[in-house]
Amino acid sequence: MAFVIEVALLVVVLGLIWRYLGAYLVAVYEGHLHFLDWIERPVLRLLGIQRDAEQSWKRYLRSLLVFSVVSLVITYLLLALQGHLPLNPEHLPGVTPALAFNTAVSFVTNTNWQNYSGGVTMSYLSQMVALAVQNFVSASVGVAVAIAVIRGFARKRSGTLGNFWIDTLRGIIYVLLPVSIVMTLVFVWQGAPQTLLGPAHIHNVLNGVHQTILRGPVASQEVIKQLGTNGGGFFNANSAHPFENPTGFTNFLQIVLLLSVPVALTYTFGKMVGNVREGVAVLMAMIILFAGTFAFSLAAEKGGNPAIRAAGITSTRGNMVGKESRFGVDNSVLFNIASTQTSTGSVNSSADSYTPIGGMGMLAGMMYDEISPGGIGSGMYTMLIFAVLTVFIGGLMVGRTPEYVKKKIQRTEIIWASVGVLVMPITVLVFTAITVAIPAGRAAILNHGPHGFSEILYAFTSMGNNNGSAFAGLSSNTAYFNIVGAIVMLIGRFGIIIPVLALAGSLAAKEEVPVSAGTFLTATPMFTGLLVGVILLVGALNFFPAVALGPIAEAVLHGRFF
Amino acid sequence: MTARTEMKPSRAKGVAGSKSLFDRQILQAAIRGSFTKLDPRIQVKNPVMFVVYLGTMVTFVASIIHSSLFSWLVTVVLAFTVLFANFAEAMAEGRGKAQADTLRKTRTETEARKLLADGTTETRIRASDLQTGDLVVCEAGDVIPSDGEIVEGVASVDESAITGESAPVIREAGGDRSSVTGGTMVLSDRIVVKITATPGNSFLDRMISLVEGADRKKTPNEIALSILLVALTVIFVPVVVSLEYFAHFAHTGVAIVTLVALLVCLIPTTIGALLSAIGIAGMDRMVQKNVLAMSGRAVEAAGDVSTLLLDKTGTITFGNRMASRFVGVGGTTADELARAARLSSLADETPEGRSIVVLAKNEYGIRDTDSGTDFEFVPFSATTRMSGVNFKGSQIRKGAAEAIKRWVIEQGGDVPTEVDEITRDIANAGSTPLVVAQDQRVLGVIELKDVVKPGIKERFAELRKMGIRTVMITGDNPLTAAAIASEAGVDDYLAEATPERKLELIKEEQEGGKLVAMTGDGTNDAPALAQADVGVAMNSGTVAAKEAGNMVDLDSSPTKLIEIVEVGKQLLITRGALTTFSIANDLAKYFAIIPALFIAAYPQLKILNIMHLHSPITAILSAVIFNAIIIIILIPLALKGVKFRPAAASEIIRRNVFIYGVGGVIIPFIGIKIIDIILTVTRLY
Amino acid sequence: MLTQIRRAIILSVLFAVFLGIAYPLVEVGLANAIFPTQARGSITPYGSTEIGQHWTGTRWFHGRPDVDNDEATGGTNLGPRSKVLLNNTKTLVAFWHAQGVNPTQELVTTSGSEVDPDISQRSALVQIPMITRSTGIAPAKLRKLIVANTSGPQYGIFGDRIVNVLALNRGLAALEGK
């Protein structure tokens, strides 16, 4: 019962966030707000940028790529050299080159795949300056791209999409930083540490236990980790760890945080293209996919764990393996679905230990290309690619050449949309195939049989979608996984950003087509339905064989253990 | 303005000769074409089918190496898939080719009587040697050798070779009816024609190449769709190739033949096979409507049109004014007036005159009771500006108010003041007053109305539902125009239209992102025709108009625009519907093939075999056979087009999504199951 | 291009300073001022109330059977068809049965963090026979102790109904001391 109330509350809170954060984002990126001019002006002056400077899609993209490469290099150097840098109370050595490369790529691409165990590999400086900074930056870049793409739909006969530097800066100072400052204190209040004191050493006289309790500036990283749909935890256990996610309330807040910007962007989209209902139609598609996946996973987890049953324990609670007592099954599943469907990946329960179908729910969210509601910014722009494809196929059926939010969808748009849709599945499938075929890949598997296959499939799906969650049984801190993983994450990020900005550039230059009774109206349930259909079909067609050999095979193997 | 103004649906005729969909000759040619198109240079132009083509070769080689009934069957079915696609295209082309052949016969063997520089001497040369600017003479019985303008004379011309319409039309020097088309025949009189077409580039030549589809280019939307299909093909290559490795990991293997079968089932072969047939058939449907579209792009644009500019006369109203009311004055009853008006019009063969007789009969029941011999008809003359009858010593006259008034006063009669009031009221309502007088007495006024065609209002309502705005173009004054516009139910009108204002209007509409369609026939329409997104030139119009437009209406029917829009929409809908159907089909094919592939590794995966197919082999065969057969089944739909009923977009999409989307998911489940049963029952497996 | 690189470097440095250093440090200051206990990890002389400990033997209430590893947190990651998981669970079930306890699921399954500080109320209640046998405390008293240490759902809405094992065992120690 409490859970039903919690879900209802979540819907209400997210509804308010959708409406007001959505409108706030419009104001931020349209330059209507000035209360932080005292930060913005000097920074822009330092960068040598006019306040109203605009960039073509190519310049926007070039700035983004240059900025990302520079971020990558800086992050890499900080990690590799942490042994010689301050704020390293445990005197941890520099991160090995392959791991440093993988981690730098992982954080710059907003993936936050972690081939390391946070608390024992990274110095405070690395956590704060290298990783937490990228939590802000990669998130803001994601939103900037989404906004640029929305501008492509909203503008007409325009050669520009905005300014990358200004958008990225505004996203941080107006949105990400203020929310983080406030929410950090809420998290601390609930029990998340925020300290530079180093580990605490405990000796409990009752049971004679000696404990080394790792701690650090956890809360400040925790908030941006969720808000920026990053997912890289301070600790290896991520949001299952009681310091990262101490209570049921923080669990709720984290779900709210990670869904907030992706959800609000649909309002921003609708508002900027001049019809909020366009945003609602897209949001509804996200909700349907989210709710479906959640119901699917929850039902499976409620069904319990076959190994536990085989060991003679029957329980009505569902599968508690790898789940925290304070969350129980309901809140674990809700959190993990929200986290995987926003490409955050900061699970609060062990994904590996989910039932096959429960785990497939998380996998499915990623396989539909992370759009329900998807990562910060990336969910929106990837969803718009699907919207373009949906309109192209469905729109023809009204007897007009297709158009979406008043823009004709023609050859150029279809080329870029196709590339945007193809990149992820091809990357995931090809690298999964290579990995299961070579010893370096097979050696990393913890579990055997179809579950082992799922571990690899999950890993590449997660990296290819910049999600970062893992069937953590995979021992992926190897040269092979570090390098190949980094490549997959780079393709998963920029393989979509590049075509989607090209798409936006082409749209921005177009004339608007007036809406008439002959137009395929996209602010309708019919469009939402078609959009969901296209997403499901494309996802299913790409991944059905793989899923059949992984989770489905595992699920149907009654009485067999590997 | 136009030869025929009555509103009628276009009939299939003449060039667009009605051949049934599966004409025997066309079928034979198409079957031949299915094989000649196996040339890889042709195949490579259709990437989706090219993958099937290559796949067939792979399974062929695999069948030779590891021969099995299964692998040979798959090879044969895949080969048929390619042949069926070729057949679909060949069928679509076949009809055009047949029509082109007929036209070609007209063109050959024509001789021209070229007029030499002195203007009198004739020399006979081959029509194909005629140059632009040459003067040729044509007399009764001559076939006009090439396109040109009449510079001298007037003649009746049989244009049935081009339009299929047997009634002759009048062509004369000067004005908008001066152009003649090569291949048509002079029936009477003598004309001198100045040739306007360069050799091999006459209207007939272009028409042949158009209906034949010789230089058919993919339209923009077709190109975009092809790109999407290529993407949907490309994606399945890694899906299928990676499957081999996944299967290996699960300690099972997948035969190459099976992988190819899966790949072919997944790529959008249905739409890939039918796409070009749909495009060709769309052009062909235009030809059926006696419209020659100069490019596929124009047909596509027709579907997108959001504003129709329609000429009032002929399209919205009948070309002529008709009597609609009798108003008696000075004590004369309407009945008396009707009787007199009828008498004065009995011999009046103008449409107005006939309409008076008809109105008198229909409204007042006045029939041929008092016809006799002592009638003396007075025809209309430009000097008196009236007509009438002298009957039993009495004179009845009808005509314009001023003329009749003058006549009555000349006769010594009086004109009541109410006549002026009545005529003014009638004029204000957009009609024309016709005053009738008998001797010194004015009897009353006949209202001649521009009569809106029956059914046109409903037609416009349909267009409005489809989101298309209609704009009436008329030379009338704004008052008259407004009255007719409201009666006809058009959305807007342009009164006192000149070609310049028409052009301006088109540009304004286009400025707002709208696509505009119009018809025109005069030389001064040419700029507007060129500017419009869909410019339909009347075949009866000038060469300049035909050059400027991107379609030519052989019927010269003003209502043709509406049909053109419908054909355009139908083409796009057919493309979208079959694409949706093709993609939706994949779900069932997965459920057939995936369990079949992995059942050896994980027998429990049989729960995915929701169709309960007999065995892995029948499952795979059923899927590929379905995949091939569905192409053949859908050929008639591709050629005829999806049924189109004018309706709002929301309604159309709901219906099509249900039929082709939901249907596309369900039908293959049924189809594959049926094929599986047949394979099992016949013990093929 | 050079302008872009220069901009990228300047912006990265600014972000590093303000987001990487200033932001967390300011938060450390604020947090320690407002919530000093939580900011330092809710440390008590017996350990952090937030972090689970390994309770062995029959004298104490057990928590989740998490691996006793302070630093590398995270679940066992064993899949539901893992033989290892099956065998581990069987071993744990056998242990509990030996103590005369009919274990709940939480008592035989590891958590997601491996430092889960809580168990469900029922998981505590089923341990009463074992505790009574080794400490002699009456079951009713133990039941009362458990109920007193039960909390949740938080604010009536969030999360499950739980017992903090450290708090419970401190209560148990207090009972014994009396």
Side-chain angles (χ1 to χ4, degrees), chain A residues 389 392-402 406 409-411 413-415 417-419 421-422 425-426 429-430 432-434 436-437 442 450 452-453 457 511-521 524 526 529-530 533 537-538 540-546 548-549 552-553 556-558, chain B residues 220-221 223-224 227-228 231 234-236 238-239 241-243 245-250 266 300 303-304 306 464-469 512-514 568-570 572-573 575-577 579-580 583-584 586-587 590 594 597-598 601-602 604-605 607-608 644 648-650 652-654 656-657 660-661:
Chain A
L389 289 181
F392 187 78
I393 298 169
L396 273 177
M397 283 195 286
V398 302
R400 271 162 74 124
T401 58
K406 299 189 192 166
I409 304 302
Q410 289 159 318
R411 182 180 169 178
E413 290 74 34
I414 287 302
I415 290 176
S418 297
V419 173
V421 163
L422 289 183
I426 290 183
L429 289 171
V430 166
T432 306
I434 293 173
V436 297
R442 287 162 169 248
F453 178 73
L457 178 66
E511 176 60 85
E512 279 190 354
V513 184
V515 173
S516 74
T519 310
F520 172 31
L521 296 178
T524 56
M526 169 56 83
L530 275 179
L537 203 63
V538 170
L541 295 181
N542 287 330
F543 290 109
F544 190 63
L549 282 175
I552 295 180
V556 297
L557 294 176
H558 301 293
Chain B
N221 174 262
I223 292 173
I227 291 167
L228 182 65
V234 168
I235 179 63
F236 288 117
V239 167
V241 172
S242 64
L243 191 59
Y245 295 95
F246 298 168
H248 201 254
F249 183 83
L266 294 182
E300 226 164 59
D304 279 350
S306 43
R464 200 169 302 117
K465 255 202 299 189
M466 285 156 60
I468 297 172
R469 218 164 71 86
K514 289 178 178 156
K569 286 199 176 294
Q570 196 187 23
L572 295 172
I573 291 176
R575 220 178 254 163
T579 305
T580 306
I583 298 170
D586 277 5
L587 198 64
Y590 257 144
I594 295 296
L597 290 183
F598 300 133
Y602 304 116
Q604 289 91 335
L605 276 180
I607 62 158
L608 289 180
F644 177 76
S650 55
I652 296 177
I653 189 135
R654 202 174 311 126
N656 288 331
V657 163
Y660 300 98

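Naming convention: chains lettered A, B, ... in sequence-line order (proteins, then strands); numbering from 1 in each chain.
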Any side-chain heavy atom of [X] sitting closer than 4.5 Å to one from [Y]?
| X | Y | answer |
| --- | --- | --- |
| Leu530(A) | Val657(B) | yes |
| Ile426(A) | Val234(B) | yes |
| Phe543(A) | Val239(B) | no |
| Phe392(A) | Ile227(B) | no |
| Thr580(B) | Met397(A) | yes |
| Ser242(B) | Val430(A) | no |

Which atoms of [X] are under 4.5 Å from chain A, going by heavy atoms: the side chain, the backbone, both sets, or neither?
| X | value |
| --- | --- |
| Phe644(B) | neither |
| Ile235(B) | both |
| Ala250(B) | side chain |

Can you tell which part of Leu429(A) gets under 4.5 Å to a heavy atom of chain B, answering side chain, backbone, both or neither? both
Against chain B, label Ile409(A) side chain, backbone, both or neither, depending on which of its atoms sit under 4.5 Å from a heavy atom there. neither
What are the two closest non-hydrogen atoms of [X] and [Y], and how far apart are they?
| X | Y | result |
| --- | --- | --- |
| Leu608(B) | Ala548(A) | CD1-CB, 4.3 Å |
| Leu396(A) | Gly576(B) | CB-CA, 3.5 Å |
| Gly303(B) | Arg400(A) | O-CG, 3.3 Å |
| Arg464(B) | Ala517(A) | O-CB, 3.7 Å |
| Ala649(B) | Phe520(A) | CB-N, 4.2 Å |
| Phe598(B) | Pro545(A) | CE1-O, 4.1 Å |

Evaluate the criterion side-chain contact (heavy atoms from CB on, under 4.5 Å) for residue pair Leu228(B) and Ile393(A); output intermediate values, then yes/no. CA-CA 9 Å; Leu228(B) 182 65; Ile393(A) 298 169; 3.8 Å; yes
Gap between atom CZ of Phe246(B) and atom OG1 of Thr432(A) - 0.5 Å precision: 5.0 Å
Return yes when atom OH of Tyr245(B) has more than 12 non-hydrogen atoms of other residues, nucleotides or ligands closer than 6.0 Å, and no otherwise. no
I'd like to know whether NZ of Lys514(B) has more than 12 heavy-atom contacts from other residues, nucleotides or ligands below 6.0 angstrom. yes
Assess, by modelled atom type and distance only, whether the side chains of Asn221(B) and Thr401(A) contain a donor and an acceptor separated by less than 3.5 Å. no
For the pair Phe249(B) and Leu549(A), evaluate side-chain contact (heavy atoms from CB on, under 4.5 Å) and give the outcome as yes or no after the intermediate values. CA-CA 9 Å; Phe249(B) 183 83; Leu549(A) 282 175; over 6 Å; no
Apply the test side-chain contact (heavy atoms from CB on, under 4.5 Å) to residues Leu587(B) and Leu537(A): give CA-CA distance (whole Å), side-chain angles for both, the deciding distance (0.1 Å), then the verdict. CA-CA 8 Å; Leu587(B) 198 64; Leu537(A) 203 63; 4.2 Å; yes
